[in-house]
2 protein chains.
Amino acid sequence: MPVMPDSIDSLKGVSSGAASSPTFSPLYRQIKSLLLQRLESGEWRPGEAIPSESELATRFNVSQGTVRKAIDEMAAENLLIRRQGKGTFVASHDDPRAFFRFLRLVPLSGGIEQAQSVPLECWRAKAGPEVARMLELNIGDPINIVRRLLQFAGKPVVVDEIYLPGSIFGTVTLEMLRDYQGSLYSFFENRFGIRMIRAEERLRAVPADRASAELLRVAEGSPLLSVERVSFSYGDKPVEWRRGLYSTNEHCYFNELG
Amino acid sequence: MPVMPDSIDSLKGVSSGAASSPTFSPLYRQIKSLLLQRLESGEWRPGEAIPSESELATRFNVSQGTVRKAIDEMAAENLLIRRQGKGTFVASHDDPRAFFRFLRLVPLSGGIEQAQSVPLECWRAKAGPEVARMLELNIGDPINIVRRLLQFAGKPVVVDEIYLPGSIFGTVTLEMLRDYQGSLYSFFENRFGIRMIRAEERLRAVPADRASAELLRVAEGSPLLSVERVSFSYGDKPVEWRRGLYSTNEHCYFNELG
DNA sequence: GAGTGGTCTAGACCACAAC
DNA sequence: TTGTGGTCTAGACCACTCG
């Protein structure tokens with residue numbers, strides 16, 4: 001049985017009338033909101049197909065073109081993936097394409113390398129002021145902290161410190177991390193049902209502290225690329241904060257400006 | 001008199017037939033190509049309005065919806081800007097919104113600051129191997145080299161070294177740069193008719209050399225963010241290579257991952 | 001062949017801007 | 001009032017995938 005109403009008849013035509021509604025949104029955006037609710041609620045899981053455009057059109061009592069426009073926007077935001085002849089699927093971090101969207105590191109010269117994540121430590125702690133602000137928590141709220149090394153072709157390139165709210169992730173253990181094959185976001189998606197859909201990064205150049213220098217096998221004080229990231233799930237909810245130190249001797253952070 | 005054919009009747013239906021054409025592209029993409037040609041040729045200049053959707057539909061002998069889809073894609077690529085009730089306009093670097101698309105520097109704390117470009121030097125030279133490769137030139141081809149400082153609120157934050165092909169820019173002088181009020185890309189657009197539409201950046205952390213350290217008022221050897229950029233004009237033609245050294249003590253490079 | 005997304009059309013009407 | 005882009009519809013047909 002559907003959990004949510006399947007028709008939006010009552011919302012049609014809201015823009016008609018004397019004064020334009022201050023909260024007006026076109027039909028296809030209302031459809032988009034409904035689809036987002038389904039995704040957020042987990043009714044359609046990552047990797048699964050959603051109903052066909054024509055079925056959704058019938059369900060929502062709108063034309064197929066209107067559903068299409070809603071899906072178009074969501075596909076442009078990498079929330080859905082269309083495959084001609086097969087259907088429309090919920091995007092998943094299991095898809096290797098998602099990996100490069102969230103780790104923009106490329107070798108200075110040479111082809112593509114396989115990345116390997118090596119979990120170092122994992123412990124529970126209380127949120128300090130900075131983490132609390134970034135993750136919209138209260139100071140003292142339980143969090144998980146993960147430290148891990150990222151290697152390319154066996155060489156250490158990134159050391160990450162990752163902060164995860166306990167309210168969402170419960171307890172994360174080093175064993176869980178070590179047992180999992182795949183990216184961290186794939187791990188979050190499959191083990192916790194949390195899907196990262198967007199992130200903000202702030203980059204700076206900083207001198208290597210002693211611990212990081214050892215891990216990355218560079219001299220203490222040598223320049224490292226500091227990448228601070230807040231990741232968001234549905235509804236712009238921040239669910240991860242991390243700081244990575246990148247050794248850019250043999251790799252660089254690649255970005256495309258459009 | 002139009003320089004190019006205004007009807008694409010002859011291209012309609014190319015996808016029909018027994019075997020699917022290897023070079024098939026839908027009608028709206030053919031329209032898009034035609035519109036791109038107009039932009040590249042300068043028939044419609046930055047800031048100007050292009051003909052209305054219905055006029056283009058009549059001209060090209062297709063439906064308005066097909067023109068619309070072509071324009072939709074170009075608007076998504078920041079080549080055109082739609083304004084309801086007014087028309088569709090060619091994007092321009094005179095628009096301050098374009099500025100932040102190509103300079104992703106934000107203060108670590110505090111609001112928005114006004115940037116100021118200070119040209120330092122400008123001379124002609126011959127392309128070395130690296131510049132030649134980046135700009136798809138031959139070694140020895142004439143280029144212009146510009147050094148300039150970028151200040152925020154009077155403080156030096158970025159020192160740029162910029163390489164411009166002589167074949168496109170002719171001769172650039174320090175006077176031209178000093179006389180111009182506005183961003184560099186705005187300058188290129190208005191003085192040379194060259195519009196940057198896309199760029200690739202590679203970021204690394206490097207130690208400050210002596211000259212840059214003095215300009216940026218940081219210690220020699222302290223970490224700076226190195227940003228190498230290749231900018232492209234229409235047809236993915238590389239027309240600028242630059243290397244910037246960013247002081248990230250009070251600013252950071254902001255990036256959004258989707 | 002059946003079902004899916006992708007393209008194209010034609011027409012109606014709405015929202016916005018400018019005269 | 002006119003012209004622009006923005007939305008919505010209904011229907012036709014094409015391209016791709018799979019059984």
Side-chain angles (χ1 to χ4, degrees), chain A residues 7-9 11-35 44 48-76 80-91, chain B residues 7-9 11-35 44 48-76 80-91:
Chain A
S7 170
I8 54 164
D9 260 352
L11 297 176
K12 281 192 189 178
V14 289
S15 68
S16 305
S20 67
S21 170
T23 57
F24 166 74
S25 90
L27 245 189
Y28 74 88
R29 279 202 193 276
Q30 300 174 34
I31 302 295
K32 185 180 171 185
S33 290
L34 293 175
L35 296 178
W44 303 322
E48 289 180 3
I50 70 172
S52 73
E53 292 180 355
S54 58
E55 182 177 339
L56 290 171
T58 304
R59 250 198 234 185
F60 293 141
N61 199 22
V62 298
S63 80
Q64 195 225 15
T66 300
V67 171
R68 185 168 188 77
K69 185 147 184 177
I71 293 179
D72 275 346
E73 282 202 358
M74 297 171 74
L80 297 175
I81 297 175
R82 323 186 75 135
R83 293 187 207 156
Q84 183 172 103
K86 300 183 75 173
T88 300
F89 298 79
V90 181
Chain B
S7 170
I8 55 164
D9 261 352
L11 297 177
K12 282 193 187 178
V14 289
S15 69
S16 304
S20 66
S21 169
T23 58
F24 165 73
S25 88
L27 246 188
Y28 75 88
R29 278 200 193 276
Q30 300 174 34
I31 302 297
K32 186 181 171 184
S33 290
L34 292 175
L35 296 179
W44 303 322
E48 289 180 4
I50 70 172
S52 72
E53 292 180 356
S54 58
E55 182 177 339
L56 289 171
T58 304
R59 249 199 233 183
F60 294 140
N61 199 22
V62 299
S63 79
Q64 194 226 14
T66 300
V67 171
R68 185 167 188 76
K69 186 147 185 176
I71 293 179
D72 275 346
E73 281 201 359
M74 296 171 73
L80 297 175
I81 297 175
R82 323 187 75 136
R83 292 187 208 157
Q84 184 171 97
K86 301 182 76 173
T88 300
F89 298 78
V90 182

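Values below: every heavy atom of this structure, side chains too, minus hydrogens, waters and symmetry copies. The shown structure was predicted, so the numbers you read here are calculated from the model rather than taken from an experiment.
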Students often get this wrong, so: under 4.0 angstrom with heavy atoms, is B:R83 touching a base, only sugar-phosphate, or nothing? sugar-phosphate
Check step by step if side chain to side chain contact (heavy atoms under 4.5 Å, CB included) holds for B:I50 and B:L56. CA-CA 9 Å; B:I50 70 172; B:L56 289 171; 4.1 Å; yes
How many Å lie between CZ on A:F89 and P on D:dC16, as a whole number? 17 Å
Euclidean distance, atom CG of residue A:L80 to atom P of C:dG5 [Å, nearest integer]: 11 Å
Would you kindly give the CD1-to-P distance between B:I50 and D:dT4, to the nearest whole Å? 12 Å
Show your working on side chain to side chain contact (heavy atoms under 4.5 Å, CB included) between B:L35 and B:W44 and close with a plain yes or no. CA-CA 9 Å; B:L35 296 179; B:W44 303 322; 3.7 Å; yes
Presence of B:T66 side-chain N/O under 4.0 Å of C:dT9 phosphate oxygens OP1/OP2: yes
Which whole-number value in Å describes the distance from B:L56 CG to D:dT4 C1'? 12 Å
Reading DNA chain D from 5' onward, which residue's closest nucleotide shows up sooner: A:G65 or A:G85? A:G65
Between C:dT7, C:dT9, C:dT4, which nucleotide has the shortest distance from any of its atoms to the side chain of B:P26? C:dT7
Consider the side chain of B:S54, meaning its heavy atoms from C-beta on, and name the nucleotide among C:dG5, D:dT4, C:dT9 that approaches it most closely. D:dT4
Roughly how far, to the nearest 0.5 Å, is the OH atom of B:Y28 from the CG atom of B:D72? 10.0 Å
Which nucleotide in C:dA18, D:dG5, D:dA10 has an atom nearest any side-chain atom of B:K86: C:dA18
Kindly point out which of C:dT9, D:dG6, C:dG6 is positioned nearest to the side chain of A:Q84? C:dG6
What is the distance, rounded to the nearest whole Å, between atom NZ of A:K69 and atom P of C:dC14? 17 Å
Using atom CD1 of B:I81 as one end and atom P of C:dC16 as the other, report the distance to the nearest whole Å. 19 Å
Can you measure B:Q30 atom CD to C:dC8 atom C1' for me and round it to whole angstrom units? 12 Å
In whole Å, what is the span from the CG atom of B:N61 to the C1' atom of C:dA10? 14 Å
Trace of the salt bridge (charged side-chain N to carboxylate O under 4.0 Å, His left out) decision for A:E73 with A:K69: CA-CA 6 Å; A:E73 282 202 358; A:K69 185 147 184 177; over 6 Å; no
If you only use heavy atoms from C-beta on, which nucleotide in C:dC8, C:dG5, C:dA15 is closest to the side chain of A:S52? C:dG5
Compare side-chain N and O positions of B:T88 against OP1 and OP2 of D:dT4 and report whether any pair is under 4.0 Å apart. no
A:I31 CD1 to A:R29 CZ distance, which is reported to the nearest 0.5 Å: 12.5 Å
Let me know, please, whether A:Y28 or A:Q64 comes out on the 5' side of the other along DNA chain D by nearest nucleotide. A:Y28
Please pick, from C:dG5, D:dC8, C:dT9, the nucleotide with the shortest atom-to-atom distance to any side-chain atom of B:L27. C:dT9
